[in-house]
Amino acid sequence: MSASGPTSAPSTWPPLREELRGIAPYGAPQLDVPVQLNVNENPYGPSDAVVADVAASVAAATSTLNRYPDREFTELRTALAAYLNRDGGQGVTPDQVWAANGSNEVMLQLLQAFGGPGRTALSFAPTYSMYPEYARDAMTGWVVGRRETDFSLDLDAARELILQHRPHVVLLPSPNNPTGTALPPDAVSMLCEAAGDGIVVVDEAYGEFRREGTPSALEVLPHHRNLVVSRTMSKAFALAGARLGYFAAAKEICDAVRVVRLPYHLSAVTQATALAALRHAPELLGRVDDLRRGRDETVGWLREQGFEVAESDANFALFGRFADRHAVWQQLLDRGVLIRETGPEGWLRVSIGTPDEMTAFKNALTEVMKEIQG
Ligand SMILES: Cc1ncc(COP(=O)(O)O)c(C=O)c1O
């Protein structure tokens, strides 16, 4: 071996980590079709007023792009804290808020800070397929329990599993993706207590779509120093393209994540965009009620057609069961309607779009089922 490293070529090129070999990058198909109901986006684009304010804010930020952005994004943390206190937060302060490029990055940072070699993360399947990927990328052991057949959590069994494995991080989406299932009241406190010194991340990416009576974990944040409530601007705020996710937690948790974040990870353009969007929060969130109604209506319609449909507190519905779900997915796509082939075998997930998009989905599904049933 020379001083500069190995001289013989490794047997496999490139010399990827063993456990990453042969793995396809995560991601739903990005296809240019008329009706896109596959990645739980908000179907409503920004108004002219929002576009103008974001553009002006980005223009102002552009004049300082020779400088690095505010590493602590203080103004944005202040605005996010104020927003959270309008949606379940109980006096969240700016130093209790952290943000990154999507809640994907926020959760990877949490795993980097609190997971790691010799540590474990735990969740309950079926659930968001990125969770095991965060664990893998942060070299954290992965333990997975099962949800019930209706996709709810058996809380006693969940507590037992936590007590058995003593995970360093518990990932609890509420509502869960891809099933739409929210955690019942009291579940968060019970599982935070079971986790002891482990961090409990309640992933509320779809939190704003929750039904009447479903609480946000933010309500119990002051009672649990190990609780992290994660949110995103990608869904209810209709800002998926801007990439802004965030969480609220004890200040000590935010400070711990600051150790693993890359310097200046949140660009000046991202900060300006998110701040402008937060100024327009009432308007951007104005469609949430329409989407909740659309969700309830879609769940009802699917049930009337004889499908099994999971209870949903999110902006999507999981329905089935199909002997050959891929064939149904493909035949919908052939009619210009893209949904998601995800979740347990036999089920498909549809995101809630505009009324016109939902009509196109229903018409296409009716045709496909007629064809399948001959
Ligand atoms: C449960 C859940 N958490 C987190 C995310 C990540 O969202 P983003 O990185 O856009 O904030 C998603 C995206 O679909 C999700 O379904």
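Basis for what follows: all heavy atoms, side chains included, without hydrogens, waters or symmetry-related copies. Position 1 is the first residue of the sequence, and the numbers go up from there. Ligands are counted one by one from 1 in listed order, and the atoms in each one are counted from 1 as well. This structure is a prediction, so every number in the text was calculated from the model and none was measured.
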key: Closest to atom 5 (C) of ligand 1 (judged by heavy-atom distance), picking from Phe316, Tyr128, Tyr206   =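 Ranked by closest heavy atom to atom 5 (C) of ligand 1, first place is Tyr128.
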key: Sole residue of Val97, Leu285, Thr78, Val92 in side-chain contact (heavy atoms from CB on, under 4.5 Å) with Tyr83   =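 When side-chain contact (heavy atoms from CB on, under 4.5 Å) is applied between Tyr83 and each of Val97, Leu285, Thr78, Val92, only Leu285 qualifies.
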With heavy atoms of [X] as the reference, note each atom of ligand 1 found under 4.0 Å away.
X: Ser234; value: 8 (P), 10 (O), 11 (O)
X: Ala205; value: 2 (C), 3 (N), 4 (C)
X: Gly102; value: 9 (O), 11 (O)

key: Geometric N/O contact Tyr131 with ligand 1, under 3.5 angstrom   =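 There is no such contact.
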query = Are any of the N or O atoms of Tyr134 closer than 3.5 Å to those of ligand 1?
reply =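 The answer is no, given that Tyr134 and ligand 1 share no N or O pair closer than 3.5 Å.
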Between [X] and ligand 1, which residue portion shows a heavy-atom distance shorter than 4.0 Å: side chain, backbone, both, or neither?
X: Met130; answer: neither
X: Ser103; answer: both
X: Asn177; answer: side chain
X: Arg243; answer: side chain

Nearest protein heavy atom with distance in Å, relative to atom 1 (C) of ligand 1 =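 That would be Asp203 OD2, 3.3 Å.
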message = Return the closest protein heavy atom for atom 14 (O) of ligand 1 as residue, atom name and distance.
response =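 Going by distance alone, atom 14 (O) of ligand 1 is nearest to Lys235 NZ, 3.0 Å.
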message = Measuring from non-hydrogen atoms of Gly245 to any atom of ligand 1, is the shortest distance under 4.0 Å?
response =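 Not so, Gly245 does not reach ligand 1.
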query = So Glu41 and Ser234, side-chain hydrogen bond (donor to acceptor under 3.5 Å, both in side chains) or not? Walk me through it.
reply = CA-CA 7 Å; Glu41 292 157 332; Ser234 297; over 6 Å; no
Determine, for [Y] and [X], whether the Lys NZ or Arg CZ falls below 6.0 Å from the six-membered ring centre while staying within 45 degrees of the axis.
X: Arg287; Y: Tyr44; answer: yes
X: Arg77; Y: Phe73; answer: yes
X: Arg349; Y: Phe316; answer: yes

ask   = So, Glu133 and Arg136, do they make that salt bridge, N to O below 4.0 Å?
value =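 Between Arg136 and Glu133 there is a salt bridge, with a charged N closer than 4.0 Å to a carboxylate O.
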ask   = Any ion pair linking Arg335 and Glu371 (charged N to carboxylate O, less than 4.0 Å)?
value =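 Yes.
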message = Counting only heavy atoms not in Arg17 (residues, nucleotides, ligands), do more than 12 fall under 6.0 Å from its CZ?
response =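 Correct, the count exceeds 12.
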query = If you count the non-hydrogen atoms of other residues, nucleotides and ligands that lie under 6.0 Å from CZ in Arg225, is the total more than 12?
reply =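 For Arg225, atom CZ is not crowded (no more than 12 foreign heavy atoms under 6.0 Å).
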